[in-house]
Novice: 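Structure incoming, see below.
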Amino acid sequence: MSPSHSYVIAVLPGDGIGIEVMPPALRCLEAAAKVFGFHLEWRHYPWASCTYYHQHGKMLPDNWKPLLQACDAIYFGAVGDPATVPDHISLWGSLLLFRREFDQYINLRPCRLISGVTSPLANRDGKHIDFVTVRENTEGEYSSIGGRIFEGTDRETVIQNTVFTRIGVDRVIRYAFELARSRPAKKLTSATKSNGISITMPYWDERVEVIGKEYPDVKVEKYHIDILCAHFVQRPHIFDVVVGSNLFGDILSDLGPACTGTIGIAPSANLNPSATRGESGDTWMPSLFEPVHGSAPDIAGKGIANPVGMIWAGQMMLEHLGEKDAANAVMGAIERVLKVSRSAQLRGESDILTPDMHGKGTTEGLGRAIEEEILKSSSGI
């Protein structure tokens, strides 16, 4: 099948296990491209990593922005080596900079209990878990506004401001409502803390209420963040679309995958839904796709990192690019491999699942199994 479309993808493996999970993920996406008749051009970059920082004293080259703007999307592994580079330097010098400069104001994180992955939660009674967290991604609690004065003295003072803007709050809430409307449950849960944070959170609640009037077909619930975390553990099956500020969304989108068994399979998309690819190079704002798990220095180099989060993030990228059939095939391959592998594991026949899924498998072995399953999709075309 000759390629009908071609996409240029920036590949930034980054640090730690990002370097290890990226190769099998690229092979899986190449398999999907082969089966469904499109071409992926990878542009590999060594920066946005602590290794690059040690070599150059900075996380990115001076021309990083036009290099990324020449691509249709960014495929990102992980960043961070806190033993040698403070996290606020590595993150603010790369990933958080990408989110701001490209106005990736939506952080989308699906959370699904996949057959074959064991949830740590007891007494679920077979209830399904399948929801999406929509996180505000460019402002809120993660602002860089503030500072320190009188450092090293008894008067040392540290201030960091939370910033909520009308445009920033409204666009993430409206995106969440649209997503909720598109799903069968038509239900939106808003994370707040207006009983303790007396200025920004009441404003958030007000905007949810105002915008909600445009979506009378969507049921809206509001929970304070503390009890919402408890409900994630006790009743995760009741949620469909959850929207939160930068901090609250960050916390919830890590907690959710943990409740479904492992953060190792969780994907993430940093989206600019307003960007149009036909824009000129200096105004184009590409979206970025990454696993949730981070660089995981404790297991880096051991070859046991779960590649599913990276592969699933690639699946989200294919969907974003408009390759829906290929994206569905990748997701189906992930689900089938995990289900079959868990059954084989329980029978004592084989064990390709990685340690985070109670297995003895490797990054390479699990990645190869998913790649081979994607290639089988050609028989159904």
Side-chain angles (χ1 to χ4, degrees), residues 9-10 68-69 71-76 91 94-112 130-143 162-183 186-192 200 203-204 207-208 211-212 214-215 218 220 239-257 266-277 279 283-292 309 312-322 324 327:
I9 309 298
L68 294 183
Q69 287 180 308
C71 301
D72 294 295
I74 305 165
Y75 203 28
F76 191 82
L91 280 167
S94 58
L95 183 59
L96 296 184
L97 184 62
F98 298 155
R99 291 174 178 175
R100 299 268 172 106
E101 288 293 310
F102 294 138
D103 202 19
Q104 297 164 351
Y105 58 89
I106 297 296
N107 186 268
L108 195 65
R109 295 186 175 183
C111 178
R112 186 185 310 170
D130 185 2
F131 63 86
V132 181
T133 300
V134 180
R135 166 190 172 190
E136 198 290 314
N137 209 33
T138 59
E139 52 177 50
E141 301 88 349
Y142 292 2
S143 81
T162 294
V163 177
F164 281 18
T165 65
R166 172 73 70 89
I167 187 173
V169 171
D170 281 12
R171 64 186 181 179
V172 70
I173 291 173
R174 184 164 280 109
Y175 181 95
F177 268 109
E178 289 288 344
L179 181 59
R181 172 177 275 175
S182 73
R183 291 165 62 94
K186 296 190 185 326
K187 179 180 177 182
L188 178 67
T189 300
S190 174
T192 185
T200 55
Y203 179 73
W204 175 277
R207 300 311 301 164
V208 171
I211 295 172
E214 303 172 21
Y215 300 86
V218 176
V220 182
F239 298 107
D240 188 56
V241 177
V242 182
V243 65
S245 65
N246 211 330
L247 175 61
F248 292 173
D250 192 6
I251 293 169
L252 293 170
S253 56
D254 277 8
L255 177 59
S268 175
N270 299 270
L271 305 175
N272 182 333
S274 305
T276 304
R277 190 60 182 105
E279 295 169 347
T283 59
W284 163 239
M285 296 185 181
S287 294
L288 181 149
F289 302 83
E290 57 172 333
V292 172
W312 193 348
Q315 183 269 347
M316 295 182 75
M317 181 171 69
L318 292 181
E319 191 167 33
H320 175 74
L321 293 171
K324 308 292 186 184

Novice: Would you compute the distance between atom CG of D250 and atom CD of E141 and round it to the nearest 0.5 angstrom?
Specialist: 9.5 Å

Novice: Under the ring-ring contact (aromatic ring centres under 6.0 Å, His included) test, which residues partner F177, sequence neighbours left out?
Specialist: Y215

Novice: Between S143 and T162, what is the shortest heavy-atom contact and its length?
Specialist: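 Minimum heavy-atom separation between S143 and T162: OG-N, 4.4 Å.
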
Novice: Taking it one step at a time, do F289 and L271 satisfy side-chain contact (heavy atoms from CB on, under 4.5 Å)?
Specialist: CA-CA 8 Å; F289 302 83; L271 305 175; 3.8 Å; yes

Novice: Ignoring hydrogens, what is the shortest heavy-atom contact between L252 and A191? Give both atom names and the distance.
Specialist: CD1-CB, 3.9 Å

Novice: Can you see which heavy atom on G140 is nearest to which on F164, and at what distance?
Specialist: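 For G140 and F164, the tightest heavy-atom pair comes out as CA-CE1, 3.4 Å.
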
Novice: Of all the heavy-atom pairs spanning A313 and S268, show the shortest one and how long it is.
Specialist: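 That would be CB-O, 4.3 Å.
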
Novice: Only one of V242, V220, V241 forms a side-chain contact (heavy atoms from CB on, under 4.5 Å) with T189, so which one is it?
Specialist: V242

Novice: Please determine whether side-chain contact (heavy atoms from CB on, under 4.5 Å) holds for the pair Y203 and V169, giving the CA-CA distance in whole Å, both sets of side-chain angles, and the decisive distance to 0.1 Å.
Specialist: CA-CA 9 Å; Y203 179 73; V169 171; 4.1 Å; yes

Novice: Counting distance only, does the side-chain N/O of N137 pair as donor-acceptor with the main-chain N or O of Q104 below 3.5 Å?
Specialist: yes

Novice: Could you grab the distance from atom CG of N270 to atom CE of M316, nearest 0.5 Å is fine?
Specialist: 9.0 Å

Novice: Could you tell me which non-hydrogen atom of I106 sits nearest to which non-hydrogen atom of R171, and how far apart they are?
Specialist: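 I106 and R171 have their closest heavy atoms at CD1-O, 4.4 Å.
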
Novice: Could you state the interatomic distance from CZ (F98) to CG (L68), rounded to the nearest 0.5 Å?
Specialist: 5.5 Å

Novice: W204 and V172: side-chain contact (heavy atoms from CB on, under 4.5 Å), yes or no, with the steps?
Specialist: CA-CA 11 Å; W204 175 277; V172 70; 3.9 Å; yes

Novice: Side-chain donor-acceptor pair under 3.5 Å between E136 and T138, yes or no?
Specialist: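 Indeed, the side chains of E136 and T138 share at least one donor-acceptor pair under 3.5 Å.
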
Novice: Just how far is it from atom CZ of R174 to atom CG of L179, taken to the nearest 0.5 Å?
Specialist: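 Those atoms lie 14.5 Å apart.
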
Novice: How long is the straight-line distance from CG of L188 back to CZ of F239, given to the nearest 0.5 Å?
Specialist: 11.5 Å

Novice: Are the side chains of P110 and P267 in touch, meaning some heavy atoms are under 4.5 Å apart?
Specialist: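 In short, these two side chains touch, coming nearer than 4.5 Å.
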
Novice: What are the two closest non-hydrogen atoms of M285 and E101, and how far apart are they?
Specialist: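 Minimum heavy-atom separation between M285 and E101: CE-O, 4.1 Å.
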
Novice: For side-chain contact (heavy atoms from CB on, under 4.5 Å), just list the numbers for I9 and C71, CA-CA rounded to whole Å, side-chain angles, deciding distance to a tenth of an Å, and then say yes or no.
Specialist: CA-CA 5 Å; I9 309 298; C71 301; 6.0 Å; no

Novice: Is there a side-chain contact between F102 and L288, using heavy atoms and a 4.5 Å cut-off?
Specialist: no

Novice: Just by distance, do the side chain of S287 and the backbone of N272 share a donor-acceptor pair under 3.5 Å?
Specialist: yes

Novice: Do the charged groups of D240 and K186 touch, with an N to O distance under 4.0 Å?
Specialist: no

Novice: Is there a side-chain contact between H320 and L108 (heavy atoms, below 4.5 Å)?
Specialist: no

Novice: Where the side chain of N246 meets the backbone of E139, is there a donor-acceptor pair that is under 3.5 Å apart?
Specialist: yes

Novice: Could you measure the distance from the CD atom of E290 to the CG atom of L95? Nearest 0.5 Å is fine.
Specialist: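 Reported value, rounded in 0.5 Å steps: 5.0 Å.
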
Novice: Apply ring-ring contact (aromatic ring centres under 6.0 Å, His included) to F76 and list each qualifying residue two or more places apart in sequence or on a separate chain.
Specialist: none

Novice: Check ring-ring contact (aromatic ring centres under 6.0 Å, His included) between F131 and all other residues, then give those that pass, not counting sequence neighbours.
Specialist: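 Partners of F131 by the ring-ring contact (aromatic ring centres under 6.0 Å, His included) criterion, ordered by chain and then number, come out as F232.
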
